[in-house]
Amino acid sequence: MTTTPSSTATTLTFFVPPADGSRAYVKVDASHASEPEQNWSRAEHPVVIENLRGKEDSATLDTTGFQLFNRPSRHKGFNSDAEIRAEYYPESIELIKECTGASRVVLFDHSDNISGSPPPSGEVDKPGKRQPVSQTHVDQTPAASVARVHRHLPPEDAEALLKRRFQIINLWRPISHPAVDWPLTLCDFKSVDEENDILPLALIYPDREGETYGVKYNPNQRWTYFRGMTPDEFVLIKCFDSIQDGSVAKFTPHTGFNDPTTPEGAPPANPSS
């Protein structure tokens with residue numbers, strides 16, 4: 001008889017800010033060998049990750065910052081960026097509207113992640129094919145989120161939309177088989193110390209800058225996962241919420257992780273987000 005573990009013990013990789021207190025940054029696709037790619041480091045810490053199977057309803061976008069849904073995808077190929085944009089984007093827009101009540105959804109990026117060794121230095125954020133991120137992070141800071149609105153929406157719409165509630169949400173779905181190898185772990189927002197656990201991390205591109213949050217280790221953080229997510233399931237991950245009064249979750253730290261309970265011979269994870 002096979003039983004589903006209630007938790008798994010592993011190590012996660014956390015952000016360690018620059019010792020001198022300077023602004024943390026990483027040069028994405030940097031070409032100047034004389035300059036450092038980044039000025040911060042990483043540290044691994046043991047973590048017990050709770051399996052939320054059987055407790056799926058305990059996690060919602062406004063409480064924990066993430067939520068699991070079961071909706072099979074009509075799009076099955078995921079082989080071509082053009083097909084994904086033409087077929088999966090419209091489907092995803094309708095799903096997000098249905099699950100969040102949003103009146104307008106704009107998609108600005110996607111990636112297919114394939115588990116394996118880390119990418120070469122300077123290739124940490126290329127659209128399309130990516131390695132699963134193996135460091136705790138939040139995809140957007142508030143400043144980066146506002147910049148996204150200006151970058152991806154018409155100027156005549158952006159200012160008016162910024163006066164209303166808006167969120168940046170990541171839709172994460174296994175695309176060919178259950179995500180058993182290298183699954184996704186999500187941190188309950190309620191367990192995050194906003195003053196001490198997160199720090200802005202500048203992503204410096206040749207033509208622009210982005211900004212994410214690096215997540216520092218805190219033993220009080222509650223890390224969770226949905227074991228064996230199938231292609232019929234997806235999780236919405238909140239990256240930002242313009243409601244900042246404490247009444248709702250603002251973001252969700254997350255990362256891919258090496259699950260020691262993964263059965264031998266399990267196929268590599270291949271999620272789309």
Side-chain angles (χ1 to χ4, degrees), residues 4-8 12 47-73 91-110 133 136-142 144-145 148-149 161 164-174 178-179 183-195 197-198 212-213 215 218 220-257 259 271-273:
T4 301
S6 59
S7 64
T8 185
L12 297 182
V47 173
V48 174
I49 300 178
E50 179 184 356
N51 181 11
L52 293 183
R53 287 302 188 187
K55 298 176 284 186
E56 289 89 347
D57 292 345
S58 68
T60 70
L61 278 168
D62 282 345
T63 57
T64 56
F66 58 90
Q67 190 166 347
L68 183 74
F69 298 90
N70 191 310
R71 303 284 195 287
S73 173
E91 176 184 343
S92 297
I93 287 171
E94 293 309 309
L95 279 177
I96 294 171
K97 284 183 175 180
E98 174 192 343
C99 296
T100 66
S103 59
R104 181 173 180 176
V105 174
V106 176
L107 303 187
F108 58 79
D109 191 15
H110 72 271
V133 177
T136 57
H137 67 286
V138 177
D139 290 355
Q140 309 284 337
T141 63
S145 300
R148 284 284 187 185
V149 174
L161 291 171
R164 303 167 56 185
R165 183 186 188 186
F166 78 95
Q167 301 174 75
I168 294 187
I169 291 175
N170 184 346
L171 189 160
W172 192 96
R173 178 198 292 274
L184 175 73
T185 180
L186 305 133
C187 186
D188 184 343
F189 172 78
K190 299 188 299 296
S191 70
V192 177
D193 181 344
E194 292 182 69
E195 295 297 320
D197 289 1
I198 57 173
T212 67
Y213 276 133
V215 179
N218 183 335
N220 295 322
Q221 292 164 353
R222 178 190 177 220
W223 290 92
T224 68
Y225 76 130
F226 299 102
R227 182 177 173 84
M229 277 185 62
T230 73
D232 287 350
E233 298 177 306
F234 65 89
V235 63
L236 295 183
I237 308 166
K238 186 183 292 189
C239 304
F240 172 79
D241 196 320
S242 62
I243 294 180
Q244 296 279 303
D245 61 7
S247 62
V248 299
K250 299 177 185 178
F251 54 77
T252 307
H254 57 282
T255 181
F257 74 100
D259 184 358
S272 177
S273 60

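- Shown here are the salt bridge (Lys or Arg N to Asp or Glu O under 4.0 Å) partners of E194, two or more places apart in sequence or in another chain: K250.
- Partners of D57 according to the side-chain hydrogen bond (donor to acceptor under 3.5 Å, both in side chains) rule, which considers only residues two or more places apart in sequence or in another chain, do not exist here.
- For T63, the side-chain hydrogen bond (donor to acceptor under 3.5 Å, both in side chains) test picks out T60, with sequence neighbours left out.
- When the side chain to side chain contact (heavy atoms under 4.5 Å, CB included) test is applied to R165, the partners found at least two apart in sequence or on another chain are D62, Q167, K238, D241, S242, I243, V248.
- Note on R173 versus E233: no salt bridge recorded, every NZ/NE/NH1/NH2 to OD/OE distance being 4.0 Å or above.
- Between Q67 and V235 the shortest side-chain heavy-atom distance does not fall below 4.5 Å.
- Legend: residues meeting ring pair (Phe, Tyr, Trp, His ring centres under 6.0 Å) with F166, ordered by chain and number and at least two apart, are F240.
- Applying the salt bridge (charged side-chain N to carboxylate O under 4.0 Å, His left out) test to residues at least two apart or on different chains, the pairs with a partner in residues 92-101 are R71-E98.
- Ring planes of F234 and F69: parallel class, angle under 30° (limits at 30 and 60°).
- Evaluation of the salt bridge (Lys or Arg N to Asp or Glu O under 4.0 Å) rule for D232 yields no partner, not counting sequence neighbours.
- The salt bridge (Lys or Arg N to Asp or Glu O under 4.0 Å) test applied to D197 returns no partner, not counting sequence neighbours.
- For S7, the side-chain hydrogen bond (donor to acceptor under 3.5 Å, both in side chains) criterion is met by no residue, not counting sequence neighbours.
- By the salt bridge (Lys or Arg N to Asp or Glu O under 4.0 Å) test, R104 pairs with D157, sequence neighbours left out.
- Under the side chain to side chain contact (heavy atoms under 4.5 Å, CB included) criterion, S58 pairs with L52, K55, not counting sequence neighbours.
- The side-chain hydrogen bond (donor to acceptor under 3.5 Å, both in side chains) test applied to T8 returns D259, not counting sequence neighbours.
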